[in-house]
Amino acid sequence: MKIQYLGTSATERIPAMFCECKVCENARSKKGKCVRTRSQALVDDLILIDYPADSFKHFADSSVPFKNIKTCLITHSHLDHLYTEDVIVRKRRFSYVYENPEPLVFYSGKSGYELIENMRKRCNIPEEDFHALCVTPFEAFTAYGYEITPVNAIHAEETCPVLYIIRKGGKSLFYSTDTSEYGEDTMSYLSKLEKPLDLITLDCTYGNSKTDVTGHMDLTRCTALKDKLISIGAADKNTKFVLTHFSHNGDNVDYDEFEPLAREKGFITAYDGLTVEF
C-alpha cells in the first residue's frame, strides 16, 4: 500500500499570495519542498482524497494515470478541500478518449454531497459522468476492493467533516487532517480496531506553534495524540506517522526548519509529491 501527498498546505498555500512573512519569503527563494499547494492525497494511484483547486497542478505534475481514478473521498466541504467549479471539468465520458468509461464517484458528508450533486444537476451532467454518494460516520463501504470507514472529525460542523480509514490486503491507513483531537466516538472506534494502523496522517497546520485552536493542531498536540493512539492500541512502534496541512501562520513550518523537529518526535514531514509505502 502507498500514499502520495500531492499537496500539503492549508488553504492559503505556501507561499501565500501577497504575503511577505518569513515563511512565504523563504518559500519563494528556496522553492523545492518549501513550496506547498492545497492538501490532496492519492492512495495506490486509485483512491483520491479531496479535490482542491490545485488538483490541476497535481495532475499535471504527476505521472499517475488519472483516468484510472474512479473514487474520490471528500473530507469536508471547505473550498480548499472541495472546489466544485473544477469538478465539472473532470467529465470522463468522452467517447473518443475512453471506451466504456466508468463514472467518477465522490464520497462525502452531507454538505459536500449536496454541493457536488447541485453542481452536477445545474450543469445537466448525467450520473454516468460523475456523481456523489453521502457517507455516514462509522458505516464502512467498499470501493474497488478497498474497505473505507469514515469517522467523525472535530472541525467546522457545517462542513460535515469526516476522516477516513482505508484498508486493503491486511494494510491500513488513517487520513486525519483538518481536525482537532478526536471526540469520544472516534476514539472509542479507534480503540477497538483489530490491529494497529500501518500509517496515520495528522493535521499539523500550526507547525511548532503552541495553539488551542479548534479544528487544527500543532506539533505538540500531534505528539500527544500520537502517544494516545499508541496507548489505546490504534498504533504501535511500527506505525508511520506523517504530518501535513501546514499554514504559513505556524512557527518553523519552513520544511528545512520543521523536518528535524518533527523527526525528533517520530514523525515524517510531508511535502508536495512525497510518497510513503508500507
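No more than 12 heavy atoms of other residues, nucleotides or ligands shown are found within 6.0 angstrom of NZ on K240. Remark: K265 NZ is loosely packed, at most 12 non-hydrogen atoms of other residues, nucleotides or ligands lying under 6.0 Å away.
The aromatic rings of Y164 and F141 sit perpendicular, their planes meeting at an angle over 60°, well past the 30° parallel limit. The aromatic rings of H245 and H216 lie parallel to each other, with less than 30° between the two planes, well short of the 60° mark. H155 and H78 have perpendicular rings, their planes meeting at more than 60° on a 0 to 90° scale where under 30° would count as parallel.
Defined by atom type and a distance below 3.5 Å, a donor-acceptor pair is present between the side-chain atoms of E12 and N249.
Here the two rings, on F174 and Y182, have centers that are under 6.0 Å apart.
Between E25 and K22 no salt bridge is recorded (no basic side-chain N to carboxylate O distance below 4.0 Å). Under 4.0 Å is where a charged nitrogen must lie from a carboxylate oxygen, and between K2 and D45 at least one such pair does.
To the nearest 0.5 angstrom, L243 atom CG is 14.5 Å from Y271 atom OH. Taken from CG in N252 to CZ in F246, the straight-line distance is 11.0 Å, to the nearest 0.5 Å.
Taking the side chain as every heavy atom from C-beta outward, L115 and V87 never approach each other to under 4.5 Å. Using a 4.5 Å cut-off on side-chain heavy atoms (C-beta onward), L82 and I116 make contact.
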